[in-house]
Q: 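Below: one structure in structure tokens.
Heads up: numbering here begins at 1 and tracks the sequence. The analysis underlying the following values was restricted to heavy atoms, covering all of them including side chains, and did not include hydrogens, waters or symmetry mates.
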Amino acid sequence: MTEHVDLTRMAAALHVGNGDATDLAGTGLARHIIYWRDTLHEGPVPALPPEELRRVRTAFLRTAGADDRAEGPHMFEQRDAALEAHRDGEHVLWFEADLYDQLQIVEILSRLAGLKVPAQRVTLICIGEHPGIARFGGLGQLRPDQLAALPATGACAALTPAAFDLAIHAWNAFRAPAPEGLPAIAADRSPELRFLGEAFERLSREYPSTRDGLSLTERRVLAAVEPDGGSTAGDVFARASAREARPYIGDTWYFATIDRLAGGPQPLLSVEPAGRPAGFATEVRLTRAGARVLEGEADHVTINGVDRWIGGVHLTGRDVRWRWDEGRERLTVSA
């Protein structure tokens, strides 16, 4: 497909993208389009059948205030029904290199495999950069003509059974109640799912660090607060997200991280006004406890505990078994 695009096959396919900021309809290549809008790297994603998982994800997004379109379960039901209705046809997936998208890719491919869709009927268009864009943020930055050119480039690949198998293993590893399967996915270098390994490496760094009990996102949030004050949550969002090699977290989740770090017995951040969810104008300051944790002199999990889901793993309490070992750069487990 990298040398010649069959426009008839493209037009008949079901096109799946990560959000309607990407103008797939404007390319002239896609008539049937659905969008996969779920922030899988946040909240519980346990190993449940699709119907039950839809309920879990709907409840989480609503509780987190992240169902900004008020679509509720309809969004999940509609997209799942579209995949099933098109099981005898072809599929074209339009995604990016970041963790947000890579998790969506493995979920979709696992669903298609469950529907007995042959790998050769699935085409993946996936990029992590684009000529002329210094800091590529996503397909939504591209004009319709730039998007339409991608199927004739190396960004486009017809998938193989091996790619399907890897996606299934990755989805199962992500949803497992313990993260033993993550390192193998992070180490994989698939020629088709070429960004999956680095995405799972980034996912692994969301586990509490052996150094300070912080996830990488939490540490970057604390480090983005000016030591002498004067920072807003909007400033923190901009600075912390700029540190990511591949931006994948939006303002909603950065603000949720700020709220989480401002809670607990020994808050690492103070916010003003207090008692309200953080927003762009919220004033943010590093507390004494926050400074100590940031310097590695105290452990966030030990002093504050944790209650967070990463895929199928529920991290709770002050004695978390799984940690990210900063020195060895790998997940470790305590005895």
Side-chain angles (χ1 to χ4, degrees), residues 1-3 5 15-30 35-37 39-42 92-105 123-157 186 189-206 215-226 230-258 280-281 284 329:
M1 178 162 292
T2 58
E3 296 180 356
V5 180
H15 293 250
V16 187
N18 69 348
D20 50 16
T22 303
D23 188 5
L24 295 183
T27 65
L29 300 175
Y35 296 106
W36 213 263
R37 290 190 292 268
T39 314
L40 292 164
H41 55 75
E42 296 288 343
V92 180
L93 314 184
W94 300 76
F95 285 91
E96 299 146 17
D98 59 65
L99 176 60
Y100 177 94
D101 282 40
Q102 294 300 303
L103 291 175
Q104 291 183 341
I105 289 170
T123 299
L124 175 63
I125 299 171
C126 189
I127 61 175
E129 59 284 316
H130 194 274
I133 300 178
R135 181 172 171 79
F136 179 73
L139 292 170
Q141 293 177 271
L142 304 184
R143 301 185 308 270
D145 61 300
Q146 293 174 311
L147 292 168
L150 293 178
T153 71
C156 183
R189 295 296 178 265
S190 166
E192 296 146 328
L193 305 181
R194 56 197 180 102
F195 301 113
L196 185 60
E198 68 174 77
F200 268 63
E201 169 89 4
R202 180 62 186 86
L203 175 70
S204 300
R205 292 173 184 263
E206 283 303 286
S215 71
L216 181 54
T217 298
E218 291 170 338
R219 187 178 306 110
R220 284 177 169 166
V221 165
L222 293 183
V225 179
E226 292 289 352
S231 296
T232 66
D235 297 330
V236 171
F237 162 57
R239 293 172 190 146
S241 60
R243 297 292 305 278
E244 294 287 346
R246 302 194 186 278
Y248 71 95
I249 303 177
D251 52 30
T252 296
W253 302 110
Y254 272 109
F255 296 158
T257 301
I258 289 172
F280 278 96
V284 183
E329 294 196 326

Q: Would you indicate whether the side-chain heavy atoms of P151 and W94 approach each other to under 4.5 Å?
A: yes

Q: Give a yes or no answer on whether the side chain of Q146 reaches the backbone of R143 with a donor-acceptor pair at less than 3.5 Å.
A: yes

Q: State the NE2-CG distance between H15 and L93, to the nearest 0.5 angstrom.
A: 10.0 Å

Q: For G128 and F195, work out which heavy atoms get closest and say how close.
A: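 Here G128 and F195 meet closest at N-CZ, 3.6 Å.
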
Q: Centre-to-centre under 6.0 Å for Y100 and Y248, is that the case here?
A: no

Q: Just so I know, are the side chains of Y35 and V16 near enough to count as touching, which here means a heavy-atom distance under 4.5 Å?
A: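 No, their side chains stay 4.5 Å or more apart.
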
Q: List the atom of A224, the atom of R239, and the distance in Å for their closest heavy-atom pair.
A: O-NH1, 2.8 Å

Q: Show me the pairs that pass salt bridge (charged side-chain N to carboxylate O under 4.0 Å, His left out) and involve residues 93-102, at least two apart or across chains.
A: none

Q: Mind checking whether I105 and L193 have side chains closer than 4.5 Å, heavy atoms only?
A: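 Side-chain contact under 4.5 Å: yes.
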
Q: What is the minimum heavy-atom distance between G26 and P144, and which atoms define it?
A: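 That closest heavy-atom pairing would be O-CB, 3.4 Å.
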
Q: Could you measure the distance from the CG atom of L142 to the OG1 atom of T22? Nearest 0.5 Å is fine.
A: 8.0 Å

Q: Does the side chain of H130 come within less than 4.5 Å of L139's, by heavy atoms?
A: no

Q: Just to verify, what does F200 make a ring pair (Phe, Tyr, Trp, His ring centres under 6.0 Å) with, not counting sequence neighbours?
A: none

Q: Run I258 and F255 through side-chain contact (heavy atoms from CB on, under 4.5 Å) and show every step you take.
A: CA-CA 5 Å; I258 289 172; F255 296 158; 4.3 Å; yes

Q: Between OG1 of T257 and CG of L222, what distance do you get to the nearest 0.5 Å?
A: 10.0 Å

Q: Considering only heavy atoms from C-beta outward, does the side chain of I127 approach that of T153 to under 4.5 Å?
A: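 I127 vs T153: side chains apart.
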
Q: Can you find a heavy atom in the side chain of R246 that is under 4.5 Å from one in the side chain of E198?
A: yes

Q: If we only count heavy atoms from C-beta on, is the I125 to L147 side-chain gap below 4.5 Å?
A: no

Q: What are the two closest heavy atoms between D235 and G230, and how far apart are they?
A: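 Smallest heavy-atom distance, with atoms named: OD2-O, 3.9 Å.
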
Q: Are R135 and P247 side-chain neighbours, meaning at least one heavy-atom pair lies under 4.5 Å?
A: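 In short, these two side chains touch, coming nearer than 4.5 Å.
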
Q: Determine, stepwise, if the pair C126 / E192 fulfils side-chain contact (heavy atoms from CB on, under 4.5 Å).
A: CA-CA 9 Å; C126 189; E192 296 146 328; over 6 Å; no

Q: Verify whether one side chain among R202 and T217 offers a donor that lies under 3.5 Å from an acceptor in the other.
A: yes

Q: Determine the interplanar angle of the F280 and F237 rings, folded into 0 to 90°, and report it as parallel if under 30°, tilted if 30 to 60°, perpendicular if over 60°.
A: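 Rings of F280 and F237: perpendicular, as their planes differ by over 60°.
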
Q: Are H41 and I249 close enough, and set up right, to give a side-chain contact (heavy atoms from CB on, under 4.5 Å), and what steps lead you there?
A: CA-CA 9 Å; H41 55 75; I249 303 177; 4.1 Å; yes

Q: Taking all atoms of both residues into account, what is the closest heavy-atom pair of L99 and A199, and its distance?
A: CD1-O, 3.4 Å

Q: Among residues at least two apart in sequence or on other chains, which ones pass ring pair (Phe, Tyr, Trp, His ring centres under 6.0 Å) with F95?
A: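 Ring pair (Phe, Tyr, Trp, His ring centres under 6.0 Å) list for F95, sorted by chain: empty.
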
Q: Given 3.5 Å as the limit, does a donor-acceptor pair link the side chain of E244 with the main chain of S241, or not?
A: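 Not a single qualifying donor-acceptor pair exists.
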
Q: Walk me through it: do N18 and W36 pass the test side-chain contact (heavy atoms from CB on, under 4.5 Å)?
A: CA-CA 5 Å; N18 69 348; W36 213 263; 5.9 Å; no

Q: Is it true that a side-chain atom of E42 and a backbone atom of T39 form a donor plus acceptor pair closer than 3.5 Å?
A: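 Not confirmed, E42 side chain does not pair with T39 backbone.
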
